[in-house]
Amino acid sequence: MAHDLLLRNARLPDGRTADVAVDGHAIAALDATGADAARELAAEGGLLAPGFVDCHVHLDKAYIADELPDNESGTLGEAIANIHDRKREYTVEDVRERAGRAIEAHVRNGCTRIRTHVDVDTIGGLTPLRGVVEAREAWADVVDVQVVAFPQEGVVQDPGTAELLADALEEGADAVGGMPANERSDADTREHVDACLDIATEYGVPVDMHVDETDDPTARSLEYLAAEAIDRGVEDVTAGHTCALAAYDDAHAARVVDLLAEAGVNMVTNPPTNLLLQGRHDGHPKRRGITRVDELREAGLTVAAGQDCIRDGFYPYGRASMLETALLTAHAAHLQTPAERRVAWEMVGANAARVMDVDYGLEEGAPATFNVFPPSVETPTDALREGVAPRYVLHEGSVVAENEVRSAVVA
Ligand SMILES: [Zn+2]
């Protein structure tokens with residue numbers, strides 16, 4: 001029987017080469033040598049690896065960097081304020097077009113599973129959400145997009161946002177976000193976390209908050225979120241950024257890490273943006289500004305890395321490349337040995353897939369969502385070193401990108 005597609009001479013993760021067969025949406029056989037197929041692709045010994053996963057990115061803000069005032073202070077606070085005017089001018093079409101461009105860039109770089117945070121507040125209303133949901137529908141055959149309703153401007157200090165979060169879930173959002181540090185007091189911060197957890201529980205959706213994206217060592221929303229998750233029995237909770245955890249003294253940080261492990265919170269670090277925004281006003285030596293990746297991993301937590309920003313007011317770079325994100329994470333988190341390089345790779349792969357709760361792997365029967373790298377890339381380390389875009393990108397059995405450019409990631 002002929003298969004739908006055969007990948008000739010692909011390099012498997014164990015180093016062997018084999019012909020890999022795909023039928024329909026799934027991997028049919030990892031060693032189909034001698035089989036026939038309706039279509040064949042030549043891997044020529046290039047690495048076959050599961051598709052990248054970007055579990056934290058902001059598609060609604062992508063590509064607006066050059067329209068905004070300069071972020072003179074280089075801080076998160078100024079970046080948030082600088083976007084307000086542009087956000088008022090958003091239209092659904094504008095957001096849909098930019099989000100679609102960012103999705104396409106992800107796909108060409110080998111990432112077809114994306115979790116995006118989308119601003120929900122009284123400035124932009126539901127316009128960003130509607131634009132991203134339309135982009136998701138337009139790209140539905142090519143990429144899986146999860147949408148997190150994200151109250152960037154606060155909940156307590158932006159009255160009406162809690163209602164908008166519920167409306168966002170009605171209109172297609174998949175999860176509730178949060179930005180508890182962006183409130184005026186610790187009491188308001190806790191009220192923010194409570195409000196978001198209430199909505200998540202009511203709608204039965206995951207929670208994925210931006211937590212303590214600050215260098216302030218007194219920021220305390222992370223431990224509050226973990227404790228509330230335990231008390232309420234909320235299981236699918238993710239905390240992004242968590243920069244303040246790195247600013248705590250070691251004894252307090254250890255206590256918080258233990259609490260996170262008890263709650264089973266998934267952790268996401270965003271080194272591209274946070275290397276740029278955090279630590280700016282430190283004297284020397286300047287901190288790296290990312291969370292405690294090593295200690296969180298040692299505690300057994302799932303730790304992933306996300307692109308976060310693509311040319312917006314927070315970060316003027318970014319090209320939807322999970323290889324670049326992994327490489328920056330490797331530098332920021334001291335990932336150097338072969339085992340540590342594997343960690344960097346998994347932070348934009350298996351670990352990010354756990355955050356999104358999507359299938360990941362190359363087993364027979366698994367979704368044929370994978371990348372085929374050029375022949376010069378035989379291992380994940382080769383991919384990190386070369387920064388090379390996959391030659392073929394497959395999503396559920398369909399070839400969704402073929403890259404002729406083989407010497408660099410696709411911008
Ligand atoms: Zn973010």
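As a basis for the values below, the full set of heavy atoms in this structure was taken, side chains included, without hydrogen atoms, waters or symmetry mates.
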> With a 6.0 Å cut-off on ring centres, are His395 and His25 close enough?
Replying inline: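 No, the ring centres sit 6.0 Å or more apart.
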Just by distance, do the side chain of [X] and the backbone of [Y] share a donor-acceptor pair under 3.5 Å?
| X | Y | answer |
| --- | --- | --- |
| Glu340 | Thr337 | yes |
| Asn351 | Val303 | yes |
| Asn109 | Ala320 | yes |
| Arg220 | Pro217 | yes |
| Asp308 | Asn270 | no |
| Asp54 | Gln307 | yes |
| Ser321 | Glu324 | yes |
| Asp188 | Glu191 | no |
| Glu134 | Val92 | no |
| Asp198 | Glu202 | no |

>> Quick check on side-chain contact (heavy atoms from CB on, under 4.5 Å): which of Leu259, Asp212, Thr189, Asp194 does Tyr224 satisfy it with?
In response: Asp194
Ignoring hydrogens, what is the shortest heavy-atom contact between [X] and [Y]? Give both atom names and the distance.
| X | Y | value |
| --- | --- | --- |
| Ala149 | Leu165 | O-CD2, 3.6 Å |
| Ala195 | Val155 | CB-CG1, 4.2 Å |
| Gly313 | Asn71 | O-ND2, 3.9 Å |
| Pro316 | Leu276 | CD-CD2, 3.6 Å |
| Thr269 | Met347 | CG2-CE, 3.7 Å |
| Val348 | Ala305 | CG1-O, 3.8 Å |

I'd like to know whether [atom1] of [X] has more than 12 heavy-atom contacts from other residues, nucleotides or ligands below 6.0 angstrom.
| X | atom1 | value |
| --- | --- | --- |
| Gln336 | CD | no |
| Arg255 | CZ | no |
| Glu235 | CD | no |
| Asp216 | CG | yes |
| Asp249 | CG | yes |

How many angstroms lie between atom [atom1] of [X] and atom [atom2] of [Y], to the nearest 0.5 angstrom?
| X | Y | atom1 | atom2 | answer |
| --- | --- | --- | --- | --- |
| Asp359 | Glu396 | CG | CD | 9.0 Å |
| Glu171 | Leu164 | CD | CG | 10.0 Å |
| Gln278 | Cys243 | CD | SG | 4.0 Å |
| Leu7 | Leu41 | CG | CG | 6.0 Å |
| Met179 | His210 | CE | NE2 | 6.5 Å |
| Asp60 | Arg96 | CG | CZ | 15.0 Å |

Are the side chains of [Y] and [X] in contact, using a 4.5 Å heavy-atom criterion?
| X | Y | value |
| --- | --- | --- |
| Leu260 | Met267 | yes |
| Leu277 | Phe314 | yes |
| Val57 | Ile310 | yes |
| Arg311 | Arg319 | yes |
| Leu245 | Val257 | yes |
| Ile103 | Val142 | no |
| Leu12 | Val20 | yes |
| Cys111 | Ile114 | yes |

Going by atom types only, do [X] and [Y] share a side-chain donor-acceptor pair under 3.5 Å?
| X | Y | result |
| --- | --- | --- |
| Arg11 | Thr17 | no |
| Glu213 | Asn274 | yes |
| Thr116 | Gln146 | no |
| Glu170 | Tyr203 | yes |
| Gln152 | His117 | no |

Does a salt bridge link [X] with [Y], judged by any charged N lying under 4.0 Å from a carboxylate O?
| X | Y | result |
| --- | --- | --- |
| Arg287 | Asp282 | yes |
| Arg391 | Glu44 | yes |
| Arg98 | Asp312 | no |
| Arg136 | Asp174 | yes |
| Arg108 | Glu104 | no |
| Lys61 | Asp119 | yes |

> Which residue pairs pass the ring-ring contact (aromatic ring centres under 6.0 Å, His included) test with at least one member in residues 331-367, sequence neighbours excluded?
Replying inline: Phe52-Trp345
> Passes side-chain contact (heavy atoms from CB on, under 4.5 Å), Val95 versus Arg130? Steps please.
Replying inline: CA-CA 8 Å; Val95 175; Arg130 289 169 179 154; over 6 Å; no
>> Go through it in stages, so that I can follow the logic: the residues are Arg232 and Leu197, the test is side-chain contact (heavy atoms from CB on, under 4.5 Å), and I'd like the CA-CA distance, side-chain angles, deciding distance and then a yes or no.
In response: CA-CA 9 Å; Arg232 294 169 181 240; Leu197 290 175; 3.4 Å; yes
> In a check of salt bridge (charged side-chain N to carboxylate O under 4.0 Å, His left out) between Asp94 and each of Lys87, Arg86, Arg88, which one passes?
Replying inline: Arg86
> After noting the C-alpha distance and the side-chain angles of Glu153 and Thr122, does the key distance pass the side-chain hydrogen bond (donor to acceptor under 3.5 Å, both in side chains) rule?
Replying inline: CA-CA 8 Å; Glu153 311 294 338; Thr122 62; over 6 Å; no
> Can you name the residues that form a salt bridge (charged side-chain N to carboxylate O under 4.0 Å, His left out) with Asp250, not counting sequence neighbours?
Replying inline: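 Once residues adjacent in sequence are excluded, the partners of Asp250 under the salt bridge (charged side-chain N to carboxylate O under 4.0 Å, His left out) criterion are Arg292.
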